[in-house]
Amino acid sequence: MEVTFKDVSLSYDGTREILHHLNFTIPEGTLVSILGPSGCGKSTTLMMISGLLAPTSGKIFFGDKDVTKQDALARKVGMVFQNYALYPHLTVLENIMFPLKMAKVKKPERKKRALELAKLVHVEDQINKKPGALSGGQQQRVAIARALAKEPSLLLLDEPLSNLDARLRIEMREEIRRIQQETGVTTIFVTHDQDEALHISDHIMVLNNGDMQQFSSAETLYDNPSNLFVAKFIGEPVINTLAIADFQGELDQHVPADILKQAVSVGIRPEALQDHDSGDDTIAAIETTVKEFEKYGREKNAQLDFHGKKLLTTEIENTLEKEQKLTLYLQKSGFYLFDQDGKRIFGGDQDVK
Ligand SMILES: Nc1ncnc2c1ncn2[C@@H]1O[C@H](COP(=O)(O)OP(=O)(O)OP(=O)(O)O)[C@@H](O)[C@H]1O
Ligand SMILES: [Mg+2]
């Protein structure tokens, strides 16, 4: 089901607005992540999609249908929360069958459907156990199967992996992707973990302070961040940020004067600082001093001083000595300028905002 928000705002108490004029469309059959820091309004957005919470203003559409006034039951969404909320006294199979029982589906039919779902999420060998006897990952699978039981129009997942350890999180996020692709159900996945969002989604909606920052593919978010917030939020190690005033003429030859005049912040991805000239891909050279150099496995990280400011690079070919002078070559891809509102005004693909 395609989901559209038209100018949706929300206030819980009528005074403080939590979400401001959200406009977006989640295409049918896709997996979209809502990504942003704690408290930015991710769960609130999901609750409005589910129908558990009504917008203060604006409209919500499922396909062409205005569902703004429709309640949660009528919207037929499946939800999975962080704490799974399985019924402890029911077996795995009974848990998956429960929504079908409520919907008065006949017993043989609901058993057949529940078994299919148990297979889909790979818990078919656990069906007679109680949730207490399952691992976190298995409980999560059961919760997803239960949410899918009524063939929901949408599957909504609110930080469903946050109770799992690091390895299981990675395994389960791949499982969620597989299940989504096998069922084709439009899925909205809330997370504050950029890595999770980048790996699982077709599109990512980045939220901050109740404002949508950008809604695009992982690749576009990384290569063409629309603003400084997105540039800093996406990417590991984090992008280097400097003030335009930290540069002393190094950019004058390379950036049009009118853009340089508006620029306030400079963002340079760690991989966009190289110790060798790469011809046309190099935009400018800067003189730095090496402060730290670490080499382990495939990684070579250097901390550098540039006019008294710190820079981090991951693209060093040679071994470096502390306090050594080093010329760094700024690469075009991964170099951005932002104006006083944080908007990207240089770098990336200028057609993509
Ligand atoms: N029931 C409520 N009543 C009043 N304010 C609320 C309520 N629920 C959430 N808020 C406020 O709305 C804002 C957004 O909350 P929300 O739960 O949507 O954030 P979130 O992005 O899901 O955060 P987290 O990552 O911590 O789960 C926060 O400032 C929060 O304090
Ligand atoms: Mg939340």
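Note that ligands are numbered from 1 as they come in the structure, with each ligand's atoms numbered from 1 the same way. No experiment lies behind these values; they were computed from the predicted model shown. Along the sequence shown, the residues carry numbers beginning at 1.
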Problem set entry | Selection from Gly210, Gly41, Ser162 by shortest heavy-atom distance to atom 19 (O) of ligand 1 | Gly41
Problem set entry | Options Leu53, Ile34, Thr44, ranked by nearest heavy atom to atom 18 (O) of ligand 1, top entry | Thr44
List ligand 1 atoms under 4.0 Å from [X], heavy atoms only on the residue side.
X	result
Ser38	23 (O), 24 (P), 25 (O), 26 (O)
Glu159	25 (O)
Ser43	17 (O), 18 (O), 20 (P), 22 (O), 27 (O)

Exercise. Hey, is CD on Glu182 packed in by over 12 heavy atoms from elsewhere, all under 6.0 Å?
Worked result: yes
Exercise. Does NZ in Lys300 sit with more than 12 non-hydrogen atoms of other residues, nucleotides or ligands closer than 6.0 Å?
Worked result: yes
Exercise. Charged N to carboxylate O under 4.0 angstrom, Glu174 versus Arg177?
Worked result: no
Problem set entry | Salt bridge flag under 4.0 Å for residues Asp193 and Arg169 | yes
For this session: May I ask you to check whether Phe306 and Phe247 place their ring centers less than 6.0 Å from one another?
Result: yes
Problem set entry | Close aromatic pair by centroid cut-off 6.0 Å: Tyr87 and Phe98 | yes
For this session: Keeping the roles fixed (side chain from Thr186, backbone from Gly29), state whether a donor-acceptor pair exists under 3.5 Å.
Result: yes
Problem set entry | Leu242 backbone acceptor or donor facing Asp246 side chain under 3.5 Å | no
Exercise. Going by heavy atoms, is Arg16 under 4.0 Å from ligand 1?
Worked result: yes
For this session: Could you tell me if any non-hydrogen atom of Gly36 lies under 4.0 Å from any atom of ligand 1?
Result: no
Problem set entry | Flag side-chain contact, heavy atom, 4.5 Å: Arg173 against Asp195 | yes
Identity and separation of the nearest protein heavy atom to [atom]:
atom	value
atom 14 (C) of ligand 1	Gly39 O, 3.4 Å
atom 25 (O) of ligand 1	Lys42 NZ, 2.7 Å
atom 5 (N) of ligand 1	Tyr12 CD1, 3.3 Å

Exercise. Do Ile18 and ligand 1 have an N or O pair less than 3.5 Å apart?
Worked result: no
Exercise. Looking only at distance, does His192 have an N or O less than 3.5 Å from an N or O of ligand 1?
Worked result: no
Exercise. Looking at the Mg ion (ligand 2), is one of the N, O or S atoms of Ser43 less than 2.8 Å from it?
Worked result: yes
